[in-house]
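These figures come from a predicted structure and were not determined experimentally.
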Amino acid sequence: MQDLAAWLQKHLSIAYVPGHEFFLSLHVLANPDHHTSRLGWAQESLSALPASLVKKLHQFSNMSNQFLDAMDFLVPWEERYEHSVEASLEQLQAMDAAQFAQLMLGPVYHPRQLQQWMQGHTDDLFEQLKPEHRELLRHPLSTKRRFLEFCHAYLPFFRAEERRIEPWLVRAVHEGQERIAADPVGFLAQVHPRLKVHENFLQFHKAQTYTFAYSELAGIHLRASTFVSPHLLLGICGEHISVGFAVDVPGISTASTIPADFTLKMKVFSDPTRTAILKSLLDHPYCTQQLADLHGISEPAVNKHLKLLVEAGFVWSERRGRYVFYRGITSRLEQLTVDLHEFIDMPAPGLALSPPKPSERRN
């Protein structure tokens, strides 16, 4: 591209989208150990939330890829878009059954396939879906009603934090707009370590590499967020892409810490038998008794391995009669690529993240 800076000044924007921050806060609550900069807030919030709301939080998290798929309908570059959480929830309310099911499941299945399932035409692929997804497809409108009730019940808790973080988000947007005007290439290049700005295209290194030629894009929209770190969050909507822009909030600890969920996932592969059990569950559902026979170990030993696999998020379970069957989650294993990238990106634990004060610098 002859003048990348001029193109970015016209097509690169930054904004704070309350609905986006609302769903990202739910994402952090669903997996607080992964978001070390927000761990303190998450622990306090989970303690304050009623137990019934926490239970629903995890139910809807399992249904919506930890709420990341649930916010894909937010398109703030449209002129008619209203920037409020309530307006976002009204958009959800207006969705029909098929639209809501597609939103919660994410862009994995073709709309015609979802329509067939919702009409009761099940198949082997349907039976492989998580129980939450099968329930969603059988009762999409009642699920939508319960999801909206949950969102409205959580909203007052989010408002308390929003009041504290909104000034910093607004400030970050204004500073971002100034930097886009002054040095858009440099500003975009520092958004995330795995976002690479090239002369003719952008690359996002996630579980797979996404490449976008500038000539094919109508807009790059940065979404300011205090909850998005450490993710490289990418949204794709036709000729528009949105990218999470991490905003630090004073008063929140930024000490670098290895996320507990990352350590737990790595522990899964420290035992050959446990790794073999996981591979079996990726190919077929099994109950404890079957796994014990298959791998030549006792049922208590299988249960011990399954407990860790479930805690790590690699396996889900479902009761069928008096047996509980377990199945591996392929998408969670594919996510390990991203987990490793985030581990490589993070500063070394124990090192200060901010530069030393002038009086502390050595000559």
Side-chain angles (χ1 to χ4, degrees), residues 18-31 45-46 48-75 81-82 84-159 235 285 310 313 315-321 324-327 329 331-332:
H20 181 257
E21 192 76 337
F22 174 81
F23 285 112
L24 275 179
S25 73
L26 289 169
H27 170 73
V28 170
L29 290 176
N31 187 14
S45 298
L46 289 170
L49 291 174
S52 59
L53 207 59
V54 173
K55 181 179 180 180
K56 292 176 183 177
L57 167 77
H58 293 296
Q59 288 174 345
F60 289 117
S61 171
N62 290 336
M63 188 182 296
S64 60
N65 186 24
Q66 297 183 336
F67 296 99
L68 294 179
D69 289 336
M71 61 185 183
D72 278 352
F73 70 97
L74 299 172
V75 285
Y81 184 82
E82 296 183 41
S84 73
V85 178
E86 289 84 356
S88 299
L89 296 180
E90 287 175 5
Q91 284 185 267
L92 269 173
Q93 177 65 56
M95 290 182 183
D96 61 27
Q99 290 171 329
F100 180 72
Q102 182 79 64
L103 175 73
M104 299 297 275
L105 281 165
V108 179
Y109 303 102
H110 194 280
R112 284 198 297 269
Q113 176 72 81
L114 295 182
Q115 195 66 42
Q116 289 179 352
W117 286 338
M118 286 190 291
Q119 291 172 353
H121 303 296
T122 61
D123 52 21
D124 290 341
L125 185 57
F126 179 85
E127 293 302 322
Q128 294 176 26
L129 295 175
K130 295 166 66 175
E132 296 89 350
H133 288 159
R134 295 202 297 269
E135 178 67 16
L136 165 67
L137 292 167
R138 289 182 177 121
H139 308 286
L141 292 180
S142 62
T143 302
K144 183 183 77 170
R145 174 181 53 77
R146 290 188 292 107
F147 182 67
L148 285 167
E149 289 173 351
F150 161 77
C151 289
H152 284 291
Y154 168 68
L155 185 54
F157 297 92
F158 171 75
R159 286 287 188 225
V310 171
V315 167
W316 59 261
S317 63
E318 182 179 26
R319 179 170 292 279
R320 292 294 177 93
V324 177
F325 285 83
Y326 297 84
R327 182 185 285 275
I329 306 174
S331 60
R332 290 295 175 87

Below 30° counts as parallel, above 60° as perpendicular, anything between as tilted: where do the rings of F147 and F67 land? parallel
Considering all heavy atoms, the nearest H58-L29 contact: CE1-O, 4.5 Å
Distance from H20 atom NE2 to L74 atom CG, nearest 0.5 Å? 7.5 Å
Value rounded to 0.5 Å, distance of CD in Q102 from CD in Q115: 10.5 Å
Counting only N and O atoms by type, is there a donor-acceptor contact under 3.5 Å from the side chain of Q116 to the main-chain atoms of G120? no
Using the rule given for side chain to side chain contact (heavy atoms under 4.5 Å, CB included), can you reason through L137 versus L129, listing the C-alpha separation, both sets of side-chain angles and the distance that settles it, and then say yes or no? CA-CA 10 Å; L137 292 167; L129 295 175; 3.6 Å; yes
From Q113 CD over to F126 CZ, what is the distance, rounded to the nearest 0.5 angstrom? 10.0 Å
Interatomic distance, Q128 atom CD to D123 atom CG [nearest 0.5 angstrom]: 8.5 Å
Are the side chain of K130 and the backbone of W316 linked by a donor-acceptor contact shorter than 3.5 Å? no
Minimum heavy-atom distance between L103 and A70, given as atom pair plus value: CD2-O, 3.6 Å
Examine distances only and state if a side-chain atom of E21 and a backbone atom of P18 form a donor-acceptor pair shorter than 3.5 Å. no
With rounding to the nearest 0.5 Å, note down the distance linking CZ in F23 to CG in D72. 10.5 Å
Donor-acceptor under 3.5 Å (S64 side chain, F60 main chain): yes
In terms of heavy-atom contacts, D69 and L105 come closest through OD2-O, 3.8 Å
For the student: nearest non-hydrogen atoms of P131 and S317, plus distance: CG-O, 4.3 Å
Derivation of the side chain to side chain contact (heavy atoms under 4.5 Å, CB included) call for L155 and F22: CA-CA 8 Å; L155 185 54; F22 174 81; 3.8 Å; yes
Validation row: T143, M104 side chains within 4.5 angstrom (heavy atoms): no
Parallel, tilted or perpendicular: which describes the rings of F158 and Y154, with under 30° parallel and over 60° perpendicular? tilted
Roughly how far apart are Y326 OH and E318 CD, rounded to 0.5 Å? 12.0 Å
For Q99 versus A94, what's the shortest heavy-atom pair and its separation? OE1-O, 4.3 Å
Compare every heavy atom of L57 with every heavy atom of L46, then report the nearest pair and how far apart it is. CD2-CD2, 3.8 Å
Decide yes or no on side chain to side chain contact (heavy atoms under 4.5 Å, CB included) for R134 and T122, but give the supporting numbers first. CA-CA 10 Å; R134 295 202 297 269; T122 61; over 6 Å; no
Are side-chain heavy atoms of F100 and L148 found at a separation under 4.5 Å? no
Before accepting this row, confirm whether a basic side-chain N of the pair E132/R146 lies closer than 4.0 Å to the acidic partner's carboxylate O. no
Short side-chain to backbone donor-acceptor contact, K144 and M95, under 3.5 Å: yes
